[in-house]
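Counting convention: from 1, in listed order, for ligands and their atoms alike. Just the heavy atoms: all of them, side chains too, but no hydrogens, waters or symmetry mates, feed the values below.
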Amino acid sequence: MTVIGIDDTDSRTAGMCTTYAGARLVERVEDAGGRVERALLVRLNPAVEHKTRGNGAVAIHCTLPPDRAFELAEDALSLAVEGERTSPGGVVWSGSLTDLPAAAMNFSRAAIHEELAIADAARIFDRPGFRATGRQKGRGRIGALAAVGAWAAFEAEWDWSYECLSYRPPDRWGTDRVVDEASVFSAAAEAYPTVWDTVDRAAGEAVCVPHTPGPVLYGIRGDEPDAVCAVADAIDGEPVARRQLYVTNQGTDAHLQSAMVSEVVNGGAYRLTATVTVPPETREGGHVFFTVGEESTTGEADLRCVAFEPTKRFRDQVRALRVGDRVTVCGEVGDGTLKLEKFALREPVQAELVTPDCPECGRSMSSAGRAAGYRCRDCGTTAPGRVERPLDRAIEPGWYEVPPRARRHVARPLIRGGFDAPTHPER
Ligand code: ATP
């Protein structure tokens with residue numbers, strides 16, 4: 001087995017896409033007489049500074065001899081756009097996947113959650129069995145190595161999904177895409193829920209069609225390879241120059257780590273359970289903030305959470321939270337704030353403490369002084385303290401998520417299942 005990893009071939013402004021370089025690579029491998037066993041698209045730590053968009057890297061598992069594979073890796077990197085921020089890299093491993101050093105698998109694990117350096121990768125790709133190549137600083141060797149180790153590290157652990165990517169001919173890159181939206185919506189409806197995040201029904205948006213200048217015409221994601229390809233086939237539009245099916249950790253929540261509030265650091269992505277301590281507040285720009293807290297043996301810790309404006313209707317569910325609600329929140333932490341991707345309402349507060357009404361005359365009672373309970377000004381009746389009033393909650397317990405249009409590549413849509421409470425999927 002030979003595994004060819006590549007990364008960092010694109011730029012935000014000049015277009016290109018590492019998945020396109022991967023699709024070309026698959027074709028070259030086959031032209032050279034190799035058999036491609038699988039093409040992986042691995043989403044790495046979404047918080048890394050140098051990412052263009054979704055921090056994706058590609059690995060091609062094939063039967064080509066390593067020398068030829070290395071030539072083709074270099075060839076694939078020649079597709080990379082020129083630019084200050086583009087730093088292409090490729091890593092080739094030859095040998096059985098079971099012989100892949102544990103250090104390479106650990107590197108893949110770390111690349112999902114941590115920020116790594118080229119020197120960390122070099123300690124592994126300088127070993128026998130690996131070859132690495134890079135242009136500019138060759139930073140892409142980090143993602144390329146992580147992609148090379150991903151299958152051995154996560155084959156059994158991740159609930160891998162599929163994406164069928166359709167690409168435009170190069171002479172159309174940067175021009176408006178011509179895709180028949182009605183065909184997208186009807187194919188998406190037919191294949192749902194096996195195929196997900198093709199459209200955002202509530203927003204009326206075909207989210208599978210990007211707006212960036214790159215080569216992708218549309219990308220169809222789902223649980224089964226045949227189903228994602230069938231949806232791609234059913235979409236009408238401009239000519240498709242090539243197509244590539246990837247096995248991917250998109251839609252898996254691979255980035256989330258379980259943690260306590262006190263353990264959270266900037267740059268990590270977490271799943272943590274705590275209690276709402278500051279109620280939701282909509283601030284300038286439409287972003288909704290609230291705070292969760294947790295008491296532990298080391299004291300109290302709290303964490304601000306935010307549902308950004310582009311998460312649209314998700315903010316209504318966030319606004320329905322109340323102080324005292326027990327919740328699990330998921331998302332990446334930056335600047336001390338967790339950017340919500342989804343949350344579960346575990347134990348909603350069911351009652352609030354209010355000033356009692358007089359049991360004799362029905363008027364609202366007044367405080368009788370500090371720790372002295374309440375007293376009715378009209379008839380003198382007293383009451384020992386505040387009373388519980390049941391709350392009519394506008395939200396049911398369970399999981400809530402951002403709509404498809406605001407979903408991160410790696411975030412697991414609720415419709416994929418595997419959650420520990422009832423789900424309220426967005427589609
Ligand atoms: P696209 O999604 O369009 O393919 P991208 O978001 O994947 O673009 P890249 O251009 O590939 O962005 O840039 C990501 C860079 O970060 C690459 O050089 C990659 O090697 C590097 N990288 C990936 N994971 C890590 C990590 N955990 N620590 C440090 N660097 C990383």
Side-chain angles (χ1 to χ4, degrees), residues 4-25 39-60 73 76-77 79-91 104-125 132-150 153-154 163 165 167 173 210-219 221 244 246 248-251 254-257 265-269 332 334 407-411:
I4 314 170
I6 54 166
D7 197 11
D8 209 331
T9 61
D10 55 358
S11 96
R12 255 173 231 173
T13 44
M16 251 307 281
C17 175
T18 302
T19 71
Y20 179 79
R24 287 270 303 257
L25 182 54
L40 293 188
L41 165 57
V42 186
R43 298 287 174 182
L44 302 166
N45 181 358
V48 302
E49 184 198 336
H50 295 288
K51 71 173 184 179
T52 310
R53 283 179 296 268
N55 200 10
V58 159
I60 310 299
L77 298 188
L79 289 172
V81 293
E82 303 280 328
E84 243 174 63
R85 286 182 57 101
T86 307
S87 192
V91 172
M105 290 189 265
N106 291 339
F107 186 86
S108 301
R109 290 183 186 284
I112 306 291
H113 301 301
E114 295 166 27
E115 182 99 34
L116 300 164
I118 297 174
D120 301 320
R123 277 193 282 277
I124 298 162
F125 64 60
T133 176
R135 295 172 170 226
Q136 316 273 30
K137 292 191 178 127
R139 192 183 304 109
R141 290 173 293 176
I142 299 174
L145 177 63
V148 165
F154 297 112
E163 178 159 9
L165 281 148
Y167 299 100
W173 297 1
H211 300 289
T212 47
V216 175
L217 184 58
Y218 42 80
R221 299 172 179 193
Q244 182 60 46
Y246 281 99
T248 170
N249 65 342
Q250 288 171 166
H255 62 316
L256 299 181
Q257 300 170 271
V265 292
N266 285 331
E332 180 189 318
R407 186 118 52 224
R408 306 187 90 163
H409 301 291
V410 70

**Request:** Would you indicate whether the side-chain heavy atoms of Met105 and Phe154 approach each other to under 4.5 Å?
**Result:**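 Heavy-atom side-chain distance check fails, nothing below 4.5 Å.
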
**Asked** Taking side chain as C-beta onward, heavy atoms only, is Gln244 less than 4.5 Å from Tyr20?
**Response**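 No. Closest side-chain heavy atoms not under 4.5 Å.
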
How long is the span from the [atom1] atom in [X] to the [atom2] atom in [Y], to the nearest 0.5 Å?
X      : Y      : atom1 : atom2 : answer
Glu332 : Asn266 : CD    : CG    : 9.5 Å
Ser87  : Ile118 : OG    : CD1   : 6.0 Å
Gln257 : Glu114 : CD    : CD    : 7.5 Å
Leu165 : Leu217 : CG    : CG    : 10.0 Å
Leu116 : Phe107 : CG    : CZ    : 4.5 Å
Ile142 : Leu44  : CD1   : CG    : 10.0 Å

Is the shortest distance from a heavy atom of [X] to ligand 1 less than 4.0 Å?
X      : answer
Arg43  : yes
Ala111 : yes
Gly140 : yes

Which of the atoms in ligand 1, numbered in the order shown and given with their element, are less than 4.0 Å from a heavy-atom of [X]?
X      : result
Gly56  : 2 (O), 4 (O), 5 (P), 7 (O), 11 (O)
Glu115 : 28 (N), 29 (C)
Gly143 : 19 (C), 20 (O)
Glu114 : 26 (C), 27 (N), 28 (N)
Asp7   : 11 (O), 17 (C), 19 (C), 20 (O)

Polar atom proximity, [X] to ligand 1 (N or O, under 3.5 Å):
X      : answer
Ala110 : no
Asn45  : no
Arg141 : no
Leu116 : yes
Leu44  : no

**Asked** If you measure from each non-hydrogen atom of Asp8 to ligand 1, which part falls under 4.0 Å: side chain, backbone, both or neither?
**Response**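 Near ligand 1, Asp8 shows its backbone as well as its side chain.
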
**Asked** Backbone, side chain, both or neither: what part of Asn55 comes under 4.0 angstrom of ligand 1, heavy atoms only?
**Response**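 Within the 4.0 Å criterion, Asn55 contacts ligand 1 through backbone and side-chain atoms alike.
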
**Item:** Worked check of side-chain contact (heavy atoms from CB on, under 4.5 Å) between Asp8 and Thr86
**Value:** CA-CA 6 Å; Asp8 209 331; Thr86 307; 4.0 Å; yes

**Item:** Distance-only donor-acceptor check, side chains Thr19 and Tyr167, under 3.5 Å
**Value:**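 There is such a pair between these side chains.
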
